[in-house]
S.K.: 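One structure follows; several queries about it will come next.
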Amino acid sequence: MTTPQAPTPDELAALRQRYRLERERRVRPDGARQYQPTEAEFGYYAADPYAAGPTDREPLEDTVDVAVIGGGFGGILAGARLRQQGVERVRIVEIGGDFGGTWYWNRYPGIHCDIESHVYLPLLDETGYVPEWKYAPGDEIRRHAVRIAQRFNLYPDALFSTAVTSLTWEEASETWIVATDRGDAFRATYVVTATGTLSEPKLPGIPGIEDFKGHTFHTSRWDYAYTGGTPDGGMAGLSRKRVGVVGTGATGIQVIPALAEDAGHVYVFQRTPSTVDVRANRRTTAEDVGADHEGWAGERRENYLRIVSGETVEEDLVADQWTASAGLLEKLLPSFRRQGDRKTFEAAYETADAVKMNELRDRVEQSVTDSDTAEKLKPWYRYACKRPTFSDKYYPAFNRANVTLVDTADTHGIERITEHGVVVGDTTYEIDCLIFATGFSVGTSGIHSGKLPVHGRDGTQLLHAWARQGPRSLHGFTSNGFPNLIQMGPLQNASSVNYTHILDEQAVHAAALVAAAEAKDALVEPSREGEDAWLAVLAEDAPDHEWFHAECTPGYYNREGGGRPNGPTAYPHGAFAFHELLKRWREESIGEVLLRTRTPARSS
């Protein structure tokens, strides 16, 4: 493959025009409303196919030190870091049948992590584990989640197949009452919410979806009873089936090659093609990754975070396509240090973006033999408009006779579903099995959507408190009026492509807050002035990226074409700097949130 050259001014102008046209082909007037929740008649799309069913147990009305809501990596890491602080009774409540979160639900064929496993899997130093692959398969990741839970003894108090229905602060006892759909009403001195950003399956609201008479499921609830096989393939149940796949994002990129191997015929319904860069997965040894000394994983993880946050390093330890293209993440992660004036920076950025996207479009041409199919698979947008994907198997799958790409851009997506097929334009594609690889409702959690009401001091509901002026917090973790409530997640802190690293730093911080409160016999609660000061920090250097995402093709990064407004939503200097800020604050200023001691009745 030849290396694309820097485009001329005329070529850049032509690219901008092409990007605008491709955006208009795909944007829909209903925006994010084109998706519907997996509830009521569509609830079976979210049912747990991996658990035999909730085990019978009596409702709990006991008291624990900390209730952690969510059993994905966020909740597991919170439990582990609390254990390291000496907290005894930690109860994790998880709607799934075991620990793992996204990796409990996602078991589709071909599933792998798209971040190098040696930086993605947390607590490698603490557990002594060295991943087997550069990019770990889902089962290895899920087994590591269980390994951490076992290592830190998180199973005894855990509640699985259980959903928290409300959190209510009781002033008299200075505890939270945690209610669940299993009739529990137990108390917790502290609550840590780790409900995640990838937990609720997203289902397109295609007309007629409820009329389909064939078999259908979501990739996050893979039905191996129907397909046969395992995540490694061997789906004999599909050998004579016509399978339709809706969605060509990160999940579709992985599942479509596996389906192509086993299904009778695969119809891939695509609205917007993803960028698909080199994967180059391979088995690894401890020697490969420098796992020959204590702290190796932490060093590698910090090195990776520095690079994708725009910091300078002497050596790129991971050296993959994420780090090679790190500078192009500036429009997603407000972290990069701009050189020179804004105009000069944006001109250089656009040129580098065009070079990379031309390279990726050239990869399509070199990989796909049919020119018409190759043209439909080319991504026509800026690099940071959609989450990058990586595969060495995706494009070759379209060279198979049993795979058909159905481009839906000109109809702005699938028009309707009938009893026996999918309609695009004037063609009905008859299928036996329809699979939705449409991902999760990114960025939503039960607390922020209102499904999990949180009532703080004086019965004030969290969302009502935020209704007028928007979310308020200190560092994204704690809020005035909601004592001993610690939130993990993306709100008003910092993010990165390696989200487990973010979650681990958040878990360290949450555990430190609990430990400090216990040492001072205090409640954890910031002042209104503390919240105001933090919001001012977020707003002061907030990047202007709204214009960029308004020009992107629709996707979850820009609310399906609705834009990505600027505002005090994230720390403007990146995750690495944010973690350093938190560390200094814990050393120097943590007393700011320990505003008063507990009542004598409670502390005794």
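What you are looking at is a predicted structure, and each value in this text was computed from that prediction instead of being measured. Sequential numbering from 1 along the given sequence is applied to the chain's residues.
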S.K.: Is the number of heavy atoms from other residues, nucleotides or ligands under 6.0 Å of E294 CD greater than 12?
M.R.: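 Incorrect, the count does not exceed 12.
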S.K.: Any salt bridge between D98 and R142, counting N to O under 4.0 Å?
M.R.: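 The answer is no: the pair does not qualify as a salt bridge.
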S.K.: Go through the side-chain N and O atoms of E116 and Y304 and say whether any donor and acceptor fall under 3.5 Å apart.
M.R.: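 Side-chain D/A pair, E116 to Y304: absent.
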S.K.: How many angstroms lie between atom CD1 of I502 and atom CG of N493, to the nearest 0.5 angstrom?
M.R.: 7.5 Å
S.K.: Compute whether any side-chain donor of one residue and acceptor of the other, for H215 and D432, lie under 3.5 angstrom apart.
M.R.: no
S.K.: Checking side-chain polar atoms at under 3.5 Å, does E140 have a donor or acceptor matched by the opposite partner on Y129?
M.R.: yes
S.K.: Within the structure provided, determine whether C433 and T216 are in side-chain contact (heavy-atom separation under 4.5 Å).
M.R.: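 No, side chains not in contact.
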S.K.: More than 12 heavy atoms of other residues, nucleotides or ligands under 6.0 Å from CD of E587: yes or no?
M.R.: yes
S.K.: Would you confirm whether E94, through its side chain, and G71, through its main-chain N or O, come within 3.5 Å as a donor-acceptor pair?
M.R.: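 Judged by distance alone, yes, a pair lies under 3.5 Å.
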S.K.: If only atom types and distance count, is the side chain of Q254 paired as donor or acceptor with the main-chain N or O of H112 below 3.5 Å?
M.R.: yes
S.K.: Less than 4.5 Å apart, any side-chain heavy atom of Y224 and any of P231?
M.R.: yes
S.K.: Ignoring hydrogens and geometry, is there a side-chain-to-backbone donor-acceptor pair from D211 to E419 under 3.5 Å?
M.R.: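 Not a single qualifying donor-acceptor pair exists.
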S.K.: Applying side chain to side chain contact (heavy atoms under 4.5 Å, CB included) between D184 and each of R57, E61, R91, report the one that passes.
M.R.: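 It is R57; the other options fail the test.
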S.K.: Centre of Y35's six-membered ring, under 6.0 Å away, within 45 degrees of the axis: is that where NZ or CZ of K202 sits?
M.R.: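 Relative to the ring axis of Y35, which defines the angle, K202 lies inside both limits.
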S.K.: Where is the tightest heavy-atom contact between A522 and L594, given as atom of each residue plus distance?
M.R.: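 Here A522 and L594 meet closest at CB-CB, 3.9 Å.
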S.K.: Return the orientation label for the H509 and W585 ring planes: parallel under 30°, perpendicular over 60°, tilted otherwise.
M.R.: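 H509 and W585: tilted rings.
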S.K.: Please check: side-chain N/O of N484 versus main-chain N/O of Y190, any donor-acceptor pairing under 3.5 Å?
M.R.: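 Absent.
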S.K.: Donor-acceptor pair, distance only, cut-off 3.5 Å: does the side chain of S220 make one with the backbone of N106?
M.R.: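 No: the side chain of S220 does not pair with the backbone of N106.
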S.K.: Taking the basic N atoms (NZ, or NE/NH1/NH2) and the acidic carboxylate oxygens, is any pair closer than 4.0 Å for R107 and D139?
M.R.: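 Looking at D139 together with R107, the answer is no, because their closest N to O distance does not fall below 4.0 Å.
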S.K.: Can E126 and R151 be said to form a salt bridge (charged side-chain N to carboxylate O under 4.0 Å, His left out), step by step?
M.R.: CA-CA 9 Å; E126 291 83 347; R151 165 70 174 77; over 6 Å; no
S.K.: Answer whether the closest heavy-atom distance between the side chains of W296 and L124 falls below 4.5 Å.
M.R.: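 Yes, side chains in contact.
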S.K.: Run the salt-bridge test on R89 and D157 with the 4.0 Å N-O cut-off and return the result as yes or no.
M.R.: yes
S.K.: I need the single residue from T500, D504, N498 that forms a side-chain hydrogen bond (donor to acceptor under 3.5 Å, both in side chains) with R301. Which is it?
M.R.: D504
S.K.: Please state whether the rings of Y120 and F73 are parallel, tilted or perpendicular, taking 30° and 60° as the class boundaries.
M.R.: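 It falls in the perpendicular class, over 60°.
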S.K.: If you take all heavy atoms of G79 and V90, which pair is closest and at what distance?
M.R.: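 So the two residues come closest at CA-CG1, 4.1 Å.
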S.K.: Measuring from E531:CD to R472:CZ, what's the distance to the nearest 0.5 Å?
M.R.: 4.5 Å
S.K.: Which residue is it: Y45, F217, Y50? I am looking for the one with a ring-ring contact (aromatic ring centres under 6.0 Å, His included) to W222.
M.R.: F217
S.K.: Ring-plane angle category for Y155 and F99, please: parallel below 30°, perpendicular beyond 60°, tilted otherwise.
M.R.: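 Aromatic pair Y155/F99 classed perpendicular.
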S.K.: Determine whether the side chains of T460 and H455 contain a donor N or O and an acceptor N or O closer than 3.5 Å.
M.R.: no
S.K.: Any heavy-atom pair between the side chains of W322 and F390 that's under 4.5 Å?
M.R.: yes
S.K.: For A263 versus V243, what's the shortest heavy-atom pair and its separation?
M.R.: CB-CG2, 3.9 Å
S.K.: Whether the side chain of T195 engages the backbone of T193 through a donor-acceptor N/O pair (distance < 3.5 Å, no angle test) should be reported.
M.R.: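 Not a single qualifying donor-acceptor pair exists.
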S.K.: When you measure from the side chain of S274 to the backbone N and O of T248, does any donor-acceptor pair fall under 3.5 Å?
M.R.: yes
S.K.: Holding to side-chain hydrogen bond (donor to acceptor under 3.5 Å, both in side chains), I want the full list of residues that pass it with H475, two or more places apart in sequence or in another chain.
M.R.: none
S.K.: Could you check if a side-chain atom of L77 sits within less than 4.5 angstrom of a side-chain atom of F152, using non-hydrogen atoms only?
M.R.: no
S.K.: Would you mind checking if R81 and E505 are paired as a salt bridge, meaning a charged N to carboxylate O distance below 4.0 Å?
M.R.: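 No, E505 and R81 are not salt-bridged.
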S.K.: Run the salt-bridge test on E88 and R83 with the 4.0 Å N-O cut-off and return the result as yes or no.
M.R.: no
S.K.: Can you confirm whether L60 sits close enough to L159 that some side-chain heavy atom of one is under 4.5 Å from a side-chain heavy atom of the other?
M.R.: yes
S.K.: Backbone N or O of G489 within a donor-acceptor pair of the Q506 side chain at under 3.5 Å?
M.R.: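 Yes, the answer is positive, given that a donor and an acceptor are paired below the 3.5 Å cut-off.
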S.K.: Is there a donor-acceptor pair closer than 3.5 Å between any side-chain N or O of T165 and the backbone N or O of A179?
M.R.: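 Pair found, side chain donor or acceptor close to backbone of A179.
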S.K.: Is it the case that more than 12 heavy atoms not belonging to L474 sit under 6.0 Å from its CG atom?
M.R.: yes
S.K.: So do the side chains of L582 and V508 get within less than 4.5 Å of each other, counting heavy atoms only?
M.R.: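 Not in contact.
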S.K.: Is the ring centre of F436 less than 6.0 Å from the ring centre of H218?
M.R.: no
S.K.: For the aromatic rings, using the six-membered ring if either is Trp, is the centroid distance between H501 and H579 under 6.0 Å?
M.R.: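 They qualify: ring centres under 6.0 Å apart.
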S.K.: Test side chain to side chain contact (heavy atoms under 4.5 Å, CB included) on L333 and V497; report intermediate values, then the result.
M.R.: CA-CA 9 Å; L333 306 172; V497 296; 4.2 Å; yes
S.K.: Which atom names give the shortest non-hydrogen contact between V246 and T438, and what distance separates them?
M.R.: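 Shortest heavy-atom contact: O-CG2, 3.7 Å.
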S.K.: Any side-chain hydrogen bond (donor to acceptor under 3.5 Å, both in side chains) pairs touching residues 68-77, not counting sequence neighbours?
M.R.: none
S.K.: Going from CD1 on I209 to CG on L434, what distance comes out if it is rounded to the nearest 0.5 angstrom?
M.R.: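 Going from the CD1 atom of I209 to the CG atom of L434 covers 7.0 Å.
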S.K.: Just by modelled atom types, is the G96 backbone N or O under 3.5 Å from a matching donor or acceptor in the D48 side chain?
M.R.: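 A pair under 3.5 Å: no.
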S.K.: I'd like to check P471 versus Q492 (side-chain heavy atoms, cut-off strictly below 4.5 Å). Are they in contact?
M.R.: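 Yes, at least one pair of side-chain atoms sits under 4.5 Å.
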S.K.: What do you reckon, are the aromatic ring centroids of W169 and F482 less than 6.0 Å apart?
M.R.: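 They do not qualify: ring centres at least 6.0 Å apart.
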S.K.: Minimum heavy-atom separation for L452 and S166, please, with both atom names.
M.R.: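 That closest heavy-atom pairing would be CD1-N, 3.5 Å.
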S.K.: Using side chain to side chain contact (heavy atoms under 4.5 Å, CB included), reason through V130 and V289 one step at a time and then give a plain yes or no.
M.R.: CA-CA 9 Å; V130 180; V289 296; 4.3 Å; yes
S.K.: Give the C-alpha distance, both sets of side-chain angles, the deciding distance and a yes or no for salt bridge (charged side-chain N to carboxylate O under 4.0 Å, His left out) between R387 and D114.
M.R.: CA-CA 11 Å; R387 182 178 176 88; D114 65 2; 3.0 Å; yes
